[in-house]
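Read through the structure below, which is laid out as structure tokens, and then see the notes.
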Protein chains: 2
Amino acid sequence: MVIEAAFEELLEQGADGVTMLKIARRAGASKETLYSWFGNRDGLFSAMIRSNADATAERVASALDGDDDPRDTLSTFATGLLRLLTDQRSLALNRAAMTNSVLAAELLASGRHRVGPIVESYLAATSASGVLAVVDPATAFETFYGLVIRDTQIRVLLGEQPPSPKALRARGETGTDQFLALCERGLA
Amino acid sequence: MVIEAAFEELLEQGADGVTMLKIARRAGASKETLYSWFGNRDGLFSAMIRSNADATAERVASALDGDDDPRDTLSTFATGLLRLLTDQRSLALNRAAMTNSVLAAELLASGRHRVGPIVESYLAATSASGVLAVVDPATAFETFYGLVIRDTQIRVLLGEQPPSPKALRARGETGTDQFLALCERGLA
DNA sequence: TCATATCCGTACTCTTCAGTACGTTTACTC
DNA sequence: GAGTAAACGTACTGAAGAGTACGGATATGA
């Protein structure tokens, strides 16, 4: 599949090293086919962003789906979010979008602005049921995000090694504990 | 000055739109002069990164310098950090470095890894004097960073409008309050 | 078997830009 | 004002890649 080949090229060569010819060769397709399917280079990148975003939104929604203890749900979700944002594909797409305003807007729309509301409605519902007290779901999610992600994403975007799975889990749990502590004091 | 001209080009054209010729013209210099001063394109970008980092480190150190109430010091510092990370020059440099591993490493070294220790030693000293209780200065700084910056930097990197100065200040204060609350409970 | 649509491979155009070469000009020093 | 070094401007080379053109292959279905 072409999108798969494009991701492989992207991971190996970086955003600047990706060429339509290399992708075509790896996919066993011709350049002309790529152009007829995706229009141009940006179109192909758009398709990659959408493909990644679809997989993401689905996972986020299902992580917040059960009715376990909010601490467990949030902590699992936190770990998943960290894993997602330090995943090589996401990183490469973020790097590529960073220097292209159209792609950047698409990435924001299909990523942050699609995931945000899902989490916010979870926080609102949980808060309404009295288990958890958040002042405002939107700012609460930002606080949660900050406590979990910290400077991790920007550092790996700039080339640092991503934290180990174990470290990710620890971070997810600590961040969740900190978030719940702030909730208890009415500071989230 | 050449570096100034380069920054202007970078802000107007974006990282990909910057060419040595345009910079030379804007600076009233010749391409050959640029090459003799900076070696090559990356050398010029390195110089820009260093120039920006020097200004930054100085401001950070002086913000943490006085012996005011830690809440005031931290809150002022927080606002400054937010302003710094959403500043157009920093953003443009981050975007440019994101697709160039050498520049990325330089940006990390002269930015995050230079500012971090300064803040950590402030936290350690303040903690030692009993005014504030942090478990570990390094993770405490990460927590503080997360509470202040949240997803602001990545969003503006992807093209969103930076928050207003007023919003930045509010964020700096709220983030500081949250951080101090976590300190009190031994969670930072 | 024929018709049609899709796709492959190759080759071509066009543009852009990094980096270099070089002759001329400015400016400073003695 | 002669000598020297730095810097200007213009022109050139070379490489790379986006996008296009087209003839030939392959498949599908009537």
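Atoms considered below: every heavy atom in the structure, side chains included; atoms not considered: hydrogens, waters and symmetry mates. Here is how names work: the chains are called A, B, and so on, in the same order as the sequence lines, proteins then strands, and each is numbered from 1.
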Protein-nucleotide distance ([X], atom [atom1]; [N], atom [atom2]), rounded to Å:
| X | N | atom1 | atom2 | value |
| --- | --- | --- | --- | --- |
| A:L21 | C:dC8 | CG | P | 13 Å |
| A:I23 | D:dG17 | CD1 | P | 12 Å |
| B:D16 | D:dA18 | CG | P | 12 Å |
| B:F45 | C:dG19 | CZ | P | 11 Å |
| A:R41 | D:dG17 | CZ | P | 9 Å |
| A:R25 | C:dC7 | CZ | P | 20 Å |
| B:N40 | C:dC17 | CG | P | 17 Å |
| B:Q13 | C:dT16 | CD | P | 13 Å |

Problem set entry | Atom pair CD/CG of B:Q88 and B:L91 - distance to nearest 0.5 Å |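 Reported to 0.5 Å precision, the distance equals 5.5 Å.
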For this session: First locate atom OG1 of B:T143, then atom CZ of A:R150, and finally report the distance between them rounded to the nearest 0.5 Å.
Result: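 It is 3.0 Å, given to the nearest 0.5 Å.
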Exercise. If each of A:T19 and A:E32 is mapped to the nucleotide of DNA chain D with the nearest heavy atom, which maps nearer the 5' terminus, i.e. the 5' end?
Worked result: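 Looking at the nearest nucleotide for each, A:T19 comes out on the 5' side.
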Exercise. Between A:K22 and A:G39, which is nearer to the 5' end of DNA chain D once each is assigned its nearest nucleotide?
Worked result: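 Nearer the 5' end of the strand: A:K22.
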Problem set entry | Closest listed nucleotide, where the reference is the side chain of A:Y35 and the choices are C:dT20, D:dC8, D:dA18 |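 The nucleotide sitting nearest to the side chain is D:dA18.
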Exercise. What do the steps show when you test B:T33 against B:S30 for side-chain hydrogen bond (donor to acceptor under 3.5 Å, both in side chains), and what is the final call?
Worked result: CA-CA 5 Å; B:T33 302; B:S30 77; 3.0 Å; yes
Exercise. For B:V18, which contact category applies under a 4.0 Å heavy-atom criterion: base, sugar-phosphate, or nothing?
Worked result: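 Sugar-phosphate, no base atom in range.
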For this session: Test B:E9 against every option in B:R89, B:R26, B:R25 by the salt bridge (Lys or Arg N to Asp or Glu O under 4.0 Å) rule and name the one that passes.
Result: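 Testing B:E9 for a salt bridge (Lys or Arg N to Asp or Glu O under 4.0 Å) against B:R89, B:R26, B:R25 leaves exactly one candidate, B:R26.
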For this session: Specify the closest pair of heavy atoms between A:A5 and A:I23, including all atoms of both residues, with the distance to one decimal.
Result: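 Smallest interatomic distance, heavy atoms only, reads CB-O, 4.1 Å.
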Problem set entry | Minimum heavy-atom distance A:V134-A:S127, with the two atoms named |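 What the structure gives for the nearest pair is N-OG, 3.2 Å.
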Exercise. Is any side-chain N of the basic residue among B:D16 and B:R95 closer than 4.0 Å to the acidic one's carboxylate O?
Worked result: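 No, this pair does not count.
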Exercise. Can a side chain N or O of A:W37 be found less than 4.0 Å away from OP1 or OP2 on C:dT6?
Worked result: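 The answer is no; no side-chain N or O of A:W37 sits under 4.0 Å from OP1 or OP2.
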Problem set entry | Phosphate contact (C:dC7 OP1 or OP2) by A:T33 side-chain N/O below 4.0 Å |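 It does not, given that no N or O in the side chain of A:T33 lies less than 4.0 Å from OP1 or OP2 of C:dC7.
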Exercise. Quick one: bend of the helix from C:dT1-D:dA30 to C:dC30-D:dG1 from 5 pairs per end, to 10°?
Worked result: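 The helix from C:dT1-D:dA30 to C:dC30-D:dG1 shows an end-to-end axis angle of 10°.
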Exercise. Hey, is the side chain of B:K31 pairing donor to acceptor with the base of C:dG19 inside 3.5 Å?
Worked result: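 Yes, the side chain and the base share a sub-3.5 Å donor-acceptor pair.
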For this session: Let me know, please, whether A:A24 or B:M20 comes out on the 5' side of the other along DNA chain C by nearest nucleotide.
Result: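 Looking at DNA chain C, the more 5' nearest nucleotide goes with A:A24.
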